[in-house]
Amino acid sequence: MPSLLDKGRTHDCGSLRASDDGRDVVLFGWVHRQRDRGGRIFVLLRDRAGITQVVFGPDIDAAAHELAAGLRAEYCVAIAGKVISRGDNANPDMETGAIEVEGHEVEIFSASEPTPINIADDERLDALETTRLRYRYLDLRRPSLQRNFILRSKLATLTRQTLAEGGFLELETPYMVKYTPGGARNFLVPSRLSPGKFYALAESPQIFKQLFMVSGFDKYFQITRCFRDEDLRNDRQPEFTQIDIEMSFATPDRLFVEMEALMTRVWRELLGVELEAPFPRMPWAEAMARYGNDKPDVRFGLELQDITDLVSSSSFTVFASAEYVKGICVPPEHAAHFSRGRLDKLTSFVKQREHGGAKGLAWAKIKEDGSWQSPIAKVLGAELCDQIAAKMGAAPGSTLLIVADDFHTTHTALSALRLELRDSLDLLAGAPAWRFLWVTSFPLFESSDRGWVSSHHPFTSPRVEDIPLLDEDPGKVLAQAYDLVLNGNEIGGGSIRIHRSDVQAKIFEVLGLSKEEVEQKFAFLLEAFRYGPPPHGGIAFGLDRIAMLMCGAESLRDVIAFPKTSRGQDLMTGCPSGADDEQLAELFITHRPLPGAD
RNA sequence: GGGGGCGUAGCUCAAUUGGUUAGAGUGGCGGCCUGUCACGCCGGAGGUCGCGGGUUCGAGUCCCGUCCACCCCGCCA
């Protein structure tokens with residue numbers, strides 16, 4: 001008997017409808033479930049497009065019925081049969097529920113042992129993360145994960161299409177690059193041909209894409225892998241994918257227009273969502289002042305209110321002596337939420353180090369007559385209380401939550417508190433689903449124990465009007481740098497680059513880099529910039545992160561096919577692993593005894 | 001580097017104050033069933049309680065160490 005494989009499949013498992021009634025079909029797929037009722041056997045056949053019910057019976061085809069009795073979950077099979085309408089017996093919960101296929105022929109391509117992950121229980125049962133990673137190919141069979149990867153694929157395709165149509169050239173850059181200390185840790189690749197020397201895996205194509213601009217490829221993009229040897233998180237993997245973009249003769253405005261066109265098209269075609277462009281923009285300083293955060297979630301209010309000036313001469317020394325006194329005013333409809341116990345919990349919340357480590361949380365509940373129920377009402381005095389309430393926009397029933405501390409602590413704590421309240425007060429119910437925001441004008445430098453360091457990278461251009469400040473007060477210089485923020489997540493960032501060598505030299509000077517260091521690290525870039533570099537700038541988006549948000553996934557691991565654990569291991573293949581002595585010898589590599597080993 | 005924290009049947013979990021033979025659901029196996037759709041019913045099978053050590057008459061449970069999924073801080077220009 002000829003194999004159904006040769007005959008070929010006529011349909012996928014997600015497309016048959018009532019209008020196909022009577023059609024002869026061949027389906028390939030995996031057994032999702034098998035329900036044996038004796039004289040009737042129901043098999044749900046699954047492929048990446050969907051699930052179709054097949055029915056077997058001795059009266060339909062005795063041989064097929066007998067074979068179907070032996071089918072088990074995850075057998076890979078072919079089924080030939082006739083589509084019949086289920087009429088009144090339709091299953092409204094299935095996309096193909098209007099029909100089923102009468103099974104006339106079954107061919108088992110391969111059997112399956114019982115699977116460690118029950119794929120048919122997708123959505124209902126959560127397998128342990130270790131099991132999922134160990135048997136990743138089975139985890140990836142789950143319909144919910146397949147949906148993620150199908151969407152991710154469309155995202156990449158549509159991005160390519162949109163950028164190509166916009167005149168961007170897709171160009172490749174090396175993964176194996178020169179090692180440069182500083183910034184993210186590099187993965188090192190030993191060189192056999194140059195013993196004792198190493199390549200580094202690229203953290204990003206940053207310098208190469210700037211060189212493309214010097215070459216005259218005035219619009220470039222690449223969907224490319226980046227590698228960083230840093231500790232992992234829920235939303236961070238050691239290798240991840242960037243949509244990397246650079247434009248010559250760019251201004252932030254021109255770049256934003258192109259990127260907004262990309263995002264609106266992707267959201268429209270993949271999610272059916274119409275985004276409003278241009279996206280709002282907010283200087284970094286405003287984001288910090290209003291939200292305490294450089295990637296604010298602007299889907300809800302609870303903005304920070306500044307009362308530093310009001311309380312600077314109050315007799316409450318905690319307030320009077322603090323660098324910043326700011327707070328959140330929670331509207332009256334949430335008054336019932338703030339029991340004494342809850343306020344205590346919020347106090348310890350802001351005291352936790354990861355939430356800023358504030359010294360405390362001052363609170364006040366505004367009573368009907370406008371007076372305060374608060375431990376600090378007395379020391380502040382009624383008049384000051386009224387002024388604070390007015391400044392913070394409070395009404396009877398409002399709850400005020402106030403932190404007094406230095407800039408960093410105050411904003412970190414209130415930002416964390418704001419997000420905590422978002423979740424516990426369910427503030428996103430009815431909120432717009434997607435709020436994009438450009439955060440602009442970041443400080444060019446941050447101070448560290450080693451002096452000034454670039455907050456973005458050393459090729460980021462300062463605002464032209466701030467160039468004189470480079471000498472006087474580097475901390476005040478603002479950068480032509482921008483992040484694209486979506487619902488409180490940074491999904492991309494970039495900048496206009498420096499193309500003037502005098503400005504670049506000045507930046508290196510502020511960063512405390514000697515001529516020799518500059519020469520050693522960036523000689524080729526500076527040399528290139530001697531030959532007519534165009535003004536240019538660009539941006540890079542985290543493709544994985546965008547895919548994660550579009551899918552509604554909670555972890556990057558759900559949009560990366562073969563992810564690593566939080567310790568950077570692949571539980572399926574068992575990497576990283578050791579290497580043969582022979583190969584190590586060829587590379588002239590020995591390693592020190594491991595700590596704890598005898 | 002630091003903090004939190006999971007680990008018991010193939011899978012997901014339970015097991016009281018340290019006490020008899022470590023249970024349930026699901027899956028798997030055998031049987032029955034002609035309209036199931038998380039099918040149902042009956043039967044029996046299935047365990048290195050992560051690993052190592054200790055306390056105890058007795059440890060899944062307490063103590064010490066260790067490995068480890070996962071989450072967070074630092075880190076990620």
Side-chain angles (χ1 to χ4, degrees), chain A residues 32-44 51-60 65 69 72-74 84 86-94 96-97 100 102 112-135 138-139 180-186 203-204 206-207 226-238 240 352-357 412 416 442-446 448 450 452-460 479 481 490 493-495 507 511 521 540 542 554-555 557 563-567 569 571 595-596:
Chain A
H32 194 64
R33 291 181 196 282
Q34 186 250 32
R35 292 187 276 264
D36 188 343
R37 301 283 277 111
R40 278 281 177 274
I41 296 171
F42 300 92
V43 170
L44 297 184
I51 296 176
T52 298
Q53 174 163 290
V54 185
V55 59
F56 296 93
D59 49 331
I60 297 170
H65 179 253
R72 293 294 178 269
E74 304 311 321
I84 54 168
R86 289 181 62 175
D88 293 343
N89 193 29
N91 182 346
D93 297 331
M94 286 175 69
T96 60
E100 64 190 357
E102 277 188 336
S112 171
E113 293 178 16
T115 51
I117 296 173
N118 188 340
I119 288 135
D121 280 349
D122 186 29
E123 320 269 8
R124 197 161 52 86
L125 270 184
D126 268 332
L128 220 57
E129 201 73 22
T130 38
T131 315
R132 294 184 52 195
L133 292 175
R134 168 109 191 271
Y135 301 97
L138 291 178
D139 198 31
T180 50
R185 261 185 222 102
N186 289 107
E203 298 164 21
S204 79
Q206 181 61 40
I207 290 178
C226 302
F227 306 87
R228 294 180 190 175
D229 186 10
E230 295 294 343
D231 286 6
L232 308 180
R233 288 281 189 288
N234 175 27
D235 61 349
R236 258 163 36 196
Q237 282 277 309
F240 59 96
Q352 285 170 41
R353 201 160 61 102
E354 63 266 37
H355 300 138
T412 306
F442 284 78
L444 188 62
F445 304 106
E446 289 166 15
S448 81
R450 293 188 315 281
W452 296 109
V453 295
S454 295
S455 28
H456 191 51
H457 60 60
F459 315 112
T460 302
E490 181 198 330
S495 63
I507 299 290
L511 291 173
K521 287 185 183 174
E554 288 182 0
S555 167
R557 282 184 292 272
K564 309 271 191 293
T565 69
S566 62
R567 288 171 39 95
Q569 300 190 337
L571 297 181

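All chains are named by letter (A, B, ...) in the order of the sequence lines, taking the proteins before the strands, and each is independently numbered beginning at 1. Both backbone and side-chain heavy atoms feed into the values below; hydrogens, waters and symmetry mates do not.
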Of A/Pro114 and A/Ile60, the one whose nearest nucleotide on RNA chain B sits closer to the 5' end is A/Pro114
Regarding the side chain of A/Asn89, the nearest nucleotide among B/C75, B/C76, B/U36 is B/U36
Next item on the list: Using the P atoms only, state how far B/G58 lies from B/C70, rounded to an integer number of Å.
Entry: 39 Å
Heavy-atom nearest pair, A/Pro563 first then A/Leu133, reads CG-CD2, 3.8 Å
Atom CZ of A/Phe56 and atom C1' of B/C37 are separated, to the nearest Å, by 15 Å
Worksheet entry | Short side-chain N/O contact from A/Arg86 to OP1 or OP2 of B/G35, under 4.0 Å | no
In whole angstroms, the gap separating C1' of B/C72 from CZ of A/Arg236 amounts to 11 Å
C1'-based separation of B/C63 from B/A59 [nearest Å]:
11 Å
Does A/Arg236, at its CZ atom, have more than 12 non-hydrogen atoms belonging to other residues, nucleotides or ligands within less than 6.0 Å? yes
| task | Could you please spell out the steps behind the side-chain contact (heavy atoms from CB on, under 4.5 Å) verdict for A/Gln53 and A/Asn91? | result | CA-CA 10 Å; A/Gln53 174 163 290; A/Asn91 182 346; over 6 Å; no
Between CG of A/Asp139 and P of B/A69 the distance, given in whole Å, is 17 Å
Testing B/C37, B/G1, B/U34 for proximity to the side chain of A/Asp59, the answer is B/U34
d(A/Asp139 CG, A/Glu129 CD) to nearest 0.5 Å is 8.0 Å
Inset, instruction - Tell me what A/Arg72 touches on the nucleic acid: a base, only sugar-phosphate, or nothing, going by heavy atoms under 4.0 Å. - result: sugar-phosphate
Heavy-atom closest pair (A/Leu444 atom, A/Ala479 atom, distance to 0.1 Å) is CD1-CB, 3.5 Å
Here the distance between atom P of B/C76 and atom CD of A/Glu230, to the nearest Å, is 6 Å
Practice problem: Check whether any side-chain nitrogen or oxygen of A/Arg134 sits under 4.0 Å from OP1 or OP2 of B/A69, and answer yes or no. | Solution: no
With sequence neighbours left out, the residues meeting side-chain hydrogen bond (donor to acceptor under 3.5 Å, both in side chains) with A/Asn186 are A/Glu203
| said: Using OP1 and OP2 only, check whether a side-chain N or O of A/Thr131 sits under 4.0 Å from B/U12. | reply: yes
A/Asp122 atom CG is separated from B/U12 atom P, nearest whole Å, by 14 Å
Of A/Ser555 and A/Leu232, the one whose closest nucleotide on RNA chain B sits nearer the 5' end is A/Ser555
Among the nucleotides B/C76, B/C71, B/A69, whichever has the atom closest to the side chain of A/Arg567 is B/A69
Nearest-Å distance once atom C1' is located in both B/G60 and B/A9:
14 Å
Less than 4.5 Å apart, any side-chain heavy atom of A/Glu100 and any of A/Ile84?
yes
A/Ile84 atom CD1 is separated from B/G35 atom C1', nearest whole Å, by 10 Å
Rounding to an integer number of angstrom, what distance separates B/C13 and B/U17 when you compare their P atoms?
22 Å
(message) Please classify the nucleic acid contact of A/Asp36 as base, sugar-phosphate, or nothing, using heavy-atom distances under 4.0 Å.
(response) base
**Study point:** Polar side-chain contact A/Arg233-B/G74 base: donor and acceptor under 3.5 Å
**Key:** yes
B/C42 and B/C6: how far apart are their P atoms, nearest whole angstrom? 37 Å
Need one value for A/Asn234: base, sugar-phosphate or nothing, where a base atom within 4.0 Å counts as base even if backbone is also close, heavy atoms only. sugar-phosphate
Has the side chain of A/Arg37 got a donor or acceptor atom sitting under 3.5 Å from an opposite partner on the base of B/U36? no
Could you check whether A/Arg185 pairs with A/Asp229 (Lys NZ or Arg NE/NH1/NH2 to Asp/Glu carboxylate O, under 4.0 Å)?
no
At under 4.0 Å between heavy atoms, what does A/Glu100 touch on the DNA or RNA strands: base, sugar-phosphate, or nothing? base
>> Using a 4.0 Å heavy-atom cut-off, does A/Ile41 contact any base of the nucleic acid, only the sugar-phosphate backbone, or nothing at all?
In response: nothing
When the P atoms of B/G23 and B/G44 are compared, how many Å lie between them, rounded to an integer?
15 Å
Reckon A/Glu446 touches a base, only the sugar-phosphate, or nothing at all at heavy-atom distances under 4.0 Å?
nothing
Whole-Å distance, A/Leu133 CG to B/C68 P, equals 15 Å
Next on the checklist: For a quick check of understanding: with a heavy-atom distance under 4.0 Å over all strands, which category does A/Ser566 fall into, base, sugar-phosphate or nothing?
Outcome noted: base
Applying the 3.5 Å cut-off to both distances, the Watson-Crick or G-U partner of B/G65 turns out to be B/C51
- Query: Base, sugar-phosphate, or nothing: which does A/Gln352 touch, judged by heavy atoms less than 4.0 Å apart?
  - Reply: nothing
Counting only side-chain nitrogens and oxygens, does A/Arg132 get under 4.0 Å of the OP1 or OP2 atom of B/U12? no
For this session: Can you tell me, in whole Å, how much space there is between the C1' of B/G52 and that of B/G7?
Result: 16 Å
| field | Whole-angstrom distance between B/U36 and B/G43, as gauged at atom P | value | 24 Å
Re B/G40: Watson-Crick or G-U wobble partner, both distances kept under 3.5 Å, found to be B/C32
query: Between B/C37 and A/Arg33, is there an OP1 or OP2 to side-chain N/O distance shorter than 4.0 Å?
result: no
Between the base of B/G10 and the side chain of A/Asn118, is there a donor and acceptor pair under 3.5 angstrom? no
In whole angstroms, the gap separating P of B/C73 from NE2 of A/His355 amounts to 8 Å
